[in-house]
Amino acid sequence: MPGFADRLNGIGISASAAMTDKASALKAEGMKIISLSSGEPDFPTPGHVVDAAIAAARAGDTKYPPQDGKPALKKAVQAKFQRENHLDYALNEILVANGAKQIIYDAMMATINPGDEVVLPTPSWISYADIARLAGASIVSVPCPAEGGFRLSAAALEAAITPRTKWLVLNFPGNPTGACCPRADMEAIAAVLLKHPQVWIMTDDIYEHLIYDGFTFCTIAEVEPRLKERVLTVNGVSKAYAMTGWRVGYCGGPRALIAAMNNMQGQSTSGINTLAQAAAVAALNGPQDFLKDRATEYQARRDLVVSLLNAIPGVQCHTPQGAFYVYPDISGCMGKTSAGGRLIATDADFVMALLEEQQVASVQGAAYGMSPFFRISYATDTDTLREGCRRIAAFVDGLK
Ligand code: PLP
C-alpha cells in the first residue's frame, strides 16, 4: 500500500469523538448508554435561525461565497464584537470559517514553522495540541491545577515562554474544566505578554455565553488594547446558539494575520456553506435574551452534577463557573479493581470500565493532558444526568 504523511504521526481521532463513536456503536447494539462524552448543546437551533437558512435557499443564495465570508455575516460579526466585547475590527480584520476549529487550523498553519513552540494552559481542549503538532510546533504545557480552580497563573505562564514561543492559546471558559479567567488574572497575564512581542495570542471565546454565578466574561484584546495587534479573537455559533452541525466559526485579528489565514483557507475550502452563513447572520443579529435563559438552565445542571459527584467517596469535583463540563479528580479510585474485574490503573481504564460495566460514556483526563481526572459534559437533560451520576456512584462503589 502507498504510504502516509509523517505529519500525521501521533495524531488520531480525538478521545471525545472516539468515546462518542463507541457509545453510539453500543447503542446501536441495543445497550442503554448514558452519553456524557459529547460537548454539544442538547437544545435545538432556534427557529428563526433555521428559517433564515431555508429562506436563503429559496432565494437562490446557493453560489460560491467569498472565501473569507459573506459581507452580511462579516458585518454581523463586526457588530457582535463591538456589542459584546467592545472590540472594533474592520471587515478585512474578520474571517469566517467552517467552525472555530478551522479558524484555529488556519491560524496555526499560517504562522508556525518547525521548532516553534505553542504554549497551552493545561488541561486543554485536545485539538489545540494536535493542530499545533500538525503545523510542526512543539507543545509547552502550563499546568493549571485543580486546587487553583484550573486557572492560569501569570507566574506559570512567564516560566513557560521562550524565544521560540509562537502562540499562547487562552480558552476561558474552557474545555474540559469550565475554568474562567477573572479580569484581574487576565490583566496579570496581559502584563506578562506585553514583555514578549514574539508571541501571538489566540483566545478561543466559544463558551463566552455559558457563564454562571454572575461571573463577568472578559477577553484579552479588550482588557489590554496594546496587545490587540497580536491577538486573534476566536468565536463561533456552535455552543451559544446550539449550531454545532452548521459549522460556522469566525475571528477578528490583525489584517496581515487574517490575510495569511485566508490564503491558507483558500486551499482547503472554497468558502463556507452559504445557507449556514445566512443562519449565522440570523443568530448573531437576532434576539439574544434566550442565551441567559439557557445559561440559567446549564447552571442548574452544573449544580446538580457537582453535588451528586461530590457525594461519591473517591471523587472530588471542582465547581466550574463556565462552559458545560466538569472535570472530577479520581485519584481516590486509582489502583483499585472494578466489580467486573478490571484493574483501574489510569483514567483511561476508569472511563472504559465505566462504559462497559455501567454504560456511561465520558472522556479520560489523559486526553486533555491532566490525570487522573475524567470529563463529563452536562449538556443534557437532568434525568439523564441523575441516572449517569447514579451509575458512576455504583461503579465507584464497586471498586475494591
Ligand atoms: N473550541 C473549543 C474549546 C471547543 O470545545 C470546541 C468544540 O468542542 C471548539 C472550539 C469547536 O468549535 P466549532 O464547532 O466552532 O468548530
Side-chain angles (χ1 to χ4, degrees), residues 13-21 35-43 45 49 69 73 77 80 94-109 118 120-132 144 150 152 167-181 202-211 217 219-220 232-252 261 265 268-269 272-273 276-277 279-280 283-284 298 320 322-327 361-363 365 367-370 375-380:
I13 176 171
S14 79
S16 58
M19 187 50 101
T20 303
D21 288 353
S35 204
L36 306 178
S37 58
S38 159
E40 129 166 294
D42 59 322
F43 296 109
T45 301
V49 171
L73 180 51
V77 168
K80 177 263 179 268
I94 290 171
L95 180 70
V96 175
N98 289 291
K101 189 181 255 184
Q102 191 178 30
I103 295 278
I104 297 161
Y105 187 88
D106 290 341
M108 293 198 178
M109 293 302 263
V118 171
L120 294 181
T122 302
S124 70
W125 184 45
I126 303 165
S127 291
Y128 301 131
D130 279 350
I131 294 172
C144 300
F150 302 109
L152 172 64
W167 282 98
L168 163 69
V169 181
L170 300 173
N171 172 224
F172 299 107
N175 178 2
T177 66
C180 291
C181 187
M202 179 184 296
T203 174
D204 178 352
D205 297 346
I206 197 131
Y207 295 103
E208 166 181 16
H209 289 292
L210 302 180
I211 44 171
F217 172 83
T219 191
I220 193 155
L232 186 69
T233 306
V234 181
N235 214 316
V237 294
S238 286
K239 313 288 178 174
Y241 302 96
M243 291 177 67
T244 45
W246 297 79
R247 309 307 308 129
V248 180
Y250 56 84
C251 64
M261 290 169 61
Q265 178 161 296
S268 60
T269 176
I272 313 316
N273 178 309
Q277 291 199 60
L284 292 175
Y298 282 124
F324 41 52
Y325 308 104
V326 287
Y327 199 65
S362 59
V363 187
Y368 306 98
M370 190 176 279
R375 188 195 79 170
I376 289 176
S377 161
Y378 55 84
T380 189

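Both ligands and their constituent atoms are indexed starting at 1 by order of listing.
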| Should Arg247 and Asn273 count as side-chain neighbours, where that means a heavy-atom distance under 4.5 Å? | no
Just to check, does [X] reach to within less than 4.0 Å of ligand 1 when the distance is taken from its heavy atoms?
X      : result
Gln102 : no
Gly99  : yes
Ile206 : yes

| said: Could you check whether Gln102 and Ser268, counting side-chain N and O atoms only, form a donor-acceptor pair closer than 3.5 Å? | reply: yes
Numbering as shown, the atoms of ligand 1 that approach [X] to under 4.0 Å (heavy-atom distance):
X      : value
Tyr128 : 3 (C)
Lys239 : 6 (C), 7 (C), 8 (O)
Asn171 : 3 (C)
Arg247 : 13 (P), 14 (O), 16 (O)

| task | For residues Tyr325 and Tyr368, establish whether the separation of their ring centroids is below 6.0 Å. | result | no
| query | Using the benzene-type ring in the case of Trp, are the ring centres of Tyr207 and Phe324 under 6.0 Å apart? | reply | yes
| request: Quick one: closest heavy-atom pair of Cys251 and Val234, and the distance? | output: CB-CA, 4.1 Å
| said: One residue to check: Ser238. Relative to ligand 1, which of side chain, backbone, both or neither has a non-hydrogen atom less than 4.0 Å away? | reply: side chain
| request: Provide, to 0.1 Å, the distance between atom 15 (O) of ligand 1 and the closest protein heavy atom, together with that atom's residue and name. | output: Ala100 N, 2.7 Å
| field | Nearest protein heavy atom with distance in Å, relative to atom 9 (C) of ligand 1 | value | Trp125 CH2, 3.4 Å
| Heavy atoms only: which of Val248, Ile126, Asn175, Asp204 is nearest to atom 2 (C) of ligand 1? | Asp204
| said: When you measure from the side chain of Ser362 to the backbone of Ile376, do you find a donor-acceptor pair of N or O atoms at a distance under 3.5 Å? | reply: no
| query | Roughly how far apart are Met370 CE and Thr177 OG1, rounded to 0.5 Å? | reply | 9.0 Å
